[in-house]
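Take a look at the structure below.
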There are 2 protein chains.
Amino acid sequence: MPRTVETLPAPDRVAPEEPEGRSAPRAAGPVPSPRRAELVNAAARLFSERGYHGTSMQHLGRALGLQRGSLYAHIGSKEDLLFDVVDGGADRFLSMARRAASSGGPAAVRLRALLVGHVNTAAQHLDAATVFLNEWRYLSPTPRAEIQAKRDLYEGLVRRIISDGIASGEFSPGVDAAMAGRLVLSAGNWIYTWYRPDGAMSAAAIGMELSDLILDGLTKEGPP
Amino acid sequence: MPRTVETLPAPDRVAPEEPEGRSAPRAAGPVPSPRRAELVNAAARLFSERGYHGTSMQHLGRALGLQRGSLYAHIGSKEDLLFDVVDGGADRFLSMARRAASSGGPAAVRLRALLVGHVNTAAQHLDAATVFLNEWRYLSPTPRAEIQAKRDLYEGLVRRIISDGIASGEFSPGVDAAMAGRLVLSAGNWIYTWYRPDGAMSAAAIGMELSDLILDGLTKEGPP
DNA sequence: GGTCTCCTAACAAACGGTCGTTTGGCCCAG
DNA sequence: CTGGGCCAAACGACCGTTTGTTAGGAGACC
């Protein structure tokens with residue numbers, strides 16, 4: 001029995017998955033055709049397996065049973081697909097993190113909620129997460145800046161939780177919030193390289209164990 | 001003043017960089033031509049910036065002031081270049097880790113030496129490290145298996161240090177060695193995405209801070 | 001010293017193929 | 001009868017690699 005589940009209360013579901021005003025109207029943007037969604041899914045899978053530059057329109061067409069030229073009935077360019085996959089991944093991580101960060105309670109609880117949520121999100125959309133982390137840099141400057149902004153927001157949320165914890169005395173005052181934030185992001189972002197859905201541990205369990213290791217390091221006082 | 005340097009003794013140079021018997025004879029393999037070394041360096045840089053599939057022989061040729069066909073006087077194929085870069089990166093990490101792991105002393109000291117060495121190695125050869133971590137999966141099966149073996153060796157060294165620490169009572173018995181090893185690898189392997197040589201912190205300082213955070217988590221007893 | 005031969009490294013050109021994208025026409029569901 | 005979805009074909013560009021050739025230097029021999 002690992003000590004995991006005892007060190008801190010579990011986040012037990014961070015929030016009920018956003019009711020958020022804008023549900024019925026669906027104001028902006030054309031309703032995405034189901035065929036286009038299929039295409040984006042296939043792109044997530046293929047880009048994550050073969051890389052963006054290693055995936056051709058031929059590959060994508062074959063995945064849907066179409067000729068490569070036919071794909072242009074649904075997209076403007078190959079890069080549109082990359083952006084859709086990457087942006088979708090960014091939004092999932094970001095909205096999860098916002099829920100975790102704003103959930104109130106001790107910083108340790110919020111940080112755990114964020115890390116567990118991160119691992120869960122990566123696990124549930126492993127392809128998109130892989131593309132989000134690996135291939136976003138191949139976007140051309142304008143869309144890449146858009147993604148960079150979301151990454152910065154995400155990192156800011158993590159760092160804020162840690163600073164809060166230091167300010168409130170929960171975390172050791174010697175902790176460098178920037179470095180601790182990077183440690184959390186490292187643990188979360190490296191997951192996609194080794195997590196496999198058929199592995200021994202569930203994503204939630206992994207998130208809990210990582211939280212334990214990291215939170216112990218943050219709360220421990222230095223030696224006398 | 002961060003508490004960093006006080007928690008544990010510094011590794012203060014792990015070992016004197018291997019004199020190792022085989023220095024004069026240089027027994028096997030043809031002496032690599034200087035031009036070929038230039039080419040591998042350029043490949044490391046370009047592959048790290050644009051990805052393997054995003055780099056053409058044209059790009060590589062331009063970097064050396066040659067026609068793309070002329071490169072085949074020095075290499076057998078584009079993949080040879082990828083392998084040289086990746087394998088060189090793997091060897092650097094592995095030999096550093098072997099020195100750290102076999103340096104004797106407490107597990108905490110060895111783990112710190114390994115992590116500091118890891119960050120230093122990644123920083124000194126940032127391009128090769130990036131390619132090693134990002135592009136190695138595009139190798140074809142046989143060379144990829146060779147790299148995989150070295151990665152497994154590396155992870156084994158990390159995990160062994162942690163198990164030693166648990167067995168000796170240095171680390172908390174509740175620690176999951178596999179997960180803690182992955183946390184160390186995550187911290188070290190994510191570095192290349194954010195470390196920049198002109199940044200505020202030196203690689204060694206980063207390694208020390210990360211070691212502090214992780215070691216505190218490993219040595220701490222759970223709450224009563 | 002001359003010159004002949006070999007070797008290396010490079011070039012220009014071409015190979016067959018694939019790239020991402022565009023176009024024009026056909027089919028069928030609304 | 002209109003229009004979205006698809007195909008077949010073509011576009012020009014570029015891909016990784018191979019080929020035939022050449023300039024220049026290093027020795028070997030006369």
Side-chain angles (χ1 to χ4, degrees), chain A residues 29-87 131 134-144, chain B residues 29-86 131 135-144:
Chain A
V31 175
S33 74
R35 210 79 173 122
R36 161 139 193 166
E38 271 183 78
L39 185 44
V40 173
N41 278 345
R45 186 172 52 82
L46 285 167
F47 290 170
S48 81
E49 280 171 13
R50 321 177 49 102
Y52 175 63
H53 291 302
T55 303
S56 70
M57 299 304 290
Q58 195 105 250
H59 293 130
L60 288 161
R62 203 175 307 140
L64 297 243
L66 295 181
Q67 300 290 346
R68 65 190 196 278
S70 309
L71 303 176
Y72 288 83
H74 307 283
I75 58 167
S77 73
K78 189 189 176 189
E79 192 181 356
D80 287 359
L81 282 174
L82 178 58
F83 182 80
D84 275 20
V85 174
V86 169
D87 194 53
V131 175
N134 261 338
E135 313 289 328
W136 74 288
R137 61 203 179 104
Y138 301 125
L139 288 166
S140 44
T142 309
R144 188 172 61 234
Chain B
V31 175
S33 76
R35 212 76 172 122
R36 161 138 192 166
E38 270 184 77
L39 186 43
V40 174
N41 278 346
R45 186 171 52 83
L46 286 167
F47 290 170
S48 82
E49 280 172 12
R50 324 177 47 103
Y52 175 64
H53 291 301
T55 303
S56 70
M57 298 305 289
Q58 194 105 247
H59 293 129
L60 288 161
R62 204 176 305 138
L64 298 240
L66 295 182
Q67 300 289 345
R68 65 191 197 280
S70 309
L71 303 176
Y72 287 84
H74 307 282
I75 58 168
S77 72
K78 189 188 175 190
E79 192 181 357
D80 287 359
L81 282 175
L82 178 58
F83 181 80
D84 275 20
V85 174
V86 168
V131 175
E135 313 290 328
W136 74 289
R137 61 202 180 106
Y138 300 124
L139 288 166
S140 44
T142 308
R144 187 172 62 235

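Here is how names work: the chains are called A, B, and so on, in the same order as the sequence lines, proteins then strands, and each is numbered from 1.
Partners of B:Glu38 under the side-chain hydrogen bond (donor to acceptor under 3.5 Å, both in side chains) rule, at least two apart in sequence or in another chain, are B:Arg35. Qualifying ring-ring contact (aromatic ring centres under 6.0 Å, His included) partners for A:Tyr138, counting only residues two or more places apart in sequence or in other chains: A:His53. Applying the side chain to side chain contact (heavy atoms under 4.5 Å, CB included) test to A:Asn134 and every residue at least two apart in sequence or in another chain returns A:Thr130, A:Tyr192, B:Asn134, B:Arg137. The side-chain hydrogen bond (donor to acceptor under 3.5 Å, both in side chains) search around A:Gln67 returns none, not counting sequence neighbours.
If you walk DNA chain D from 5' to 3' and mark each nucleotide with an atom closer than 4.0 Å to a heavy atom of chain B, the marks span D:dC15 to D:dT18.
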**Request:** Scan nucleotides 11-27 of chain C nucleotide by nucleotide, 5' to 3', and note B when protein non-hydrogen atoms come under 4.0 Å of the base, S if they reach only the sugar-phosphate, - if neither.
**Result:** BS-B----BBBB-----

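Considering every non-hydrogen atom in both B:Ala44 and B:Val131, the closest pair reads O-CG2, 3.5 Å.
Residue pairs meeting the salt bridge (Lys or Arg N to Asp or Glu O under 4.0 Å) criterion with at least one member in residues 73-86 of chain A, sequence neighbours excluded: A:Arg36-A:Asp84.
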Would you mind writing out the side-chain donor-acceptor pairs for residues 54-64 of chain A within the sub-3.5 Å range, not counting sequence neighbours?
{"residue": "A:Thr55", "atom": "OG1", "partner": "A:Leu46", "partner atom": "O", "Å": "3.3"}
{"residue": "A:Thr55", "atom": "OG1", "partner": "A:Gly51", "partner atom": "O", "Å": "2.7"}
{"residue": "A:Ser56", "atom": "OG", "partner": "A:Gln58", "partner atom": "N", "Å": "3.3"}
{"residue": "A:Ser56", "atom": "OG", "partner": "A:His59", "partner atom": "N", "Å": "3.2"}
{"residue": "A:Ser56", "atom": "OG", "partner": "A:His59", "partner atom": "ND1", "Å": "3.1"}
{"residue": "A:His59", "atom": "ND1", "partner": "A:Ser56", "partner atom": "N", "Å": "2.9"}
{"residue": "A:His59", "atom": "NE2", "partner": "A:Arg50", "partner atom": "NH2", "Å": "3.3"}

Determine all donor-acceptor pairs shorter than 3.5 Å in which one atom belongs to a side chain in residues 68-76 of chain B; sequence neighbours excluded.
none

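Listed by residue number, there are no residues of residues 38-49 of chain A with a heavy-atom contact under 4.0 Å to DNA chain D.
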Listing time: all N or O pairs from protein to nucleotides 28-30 of chain C that are below 3.5 Å?
none

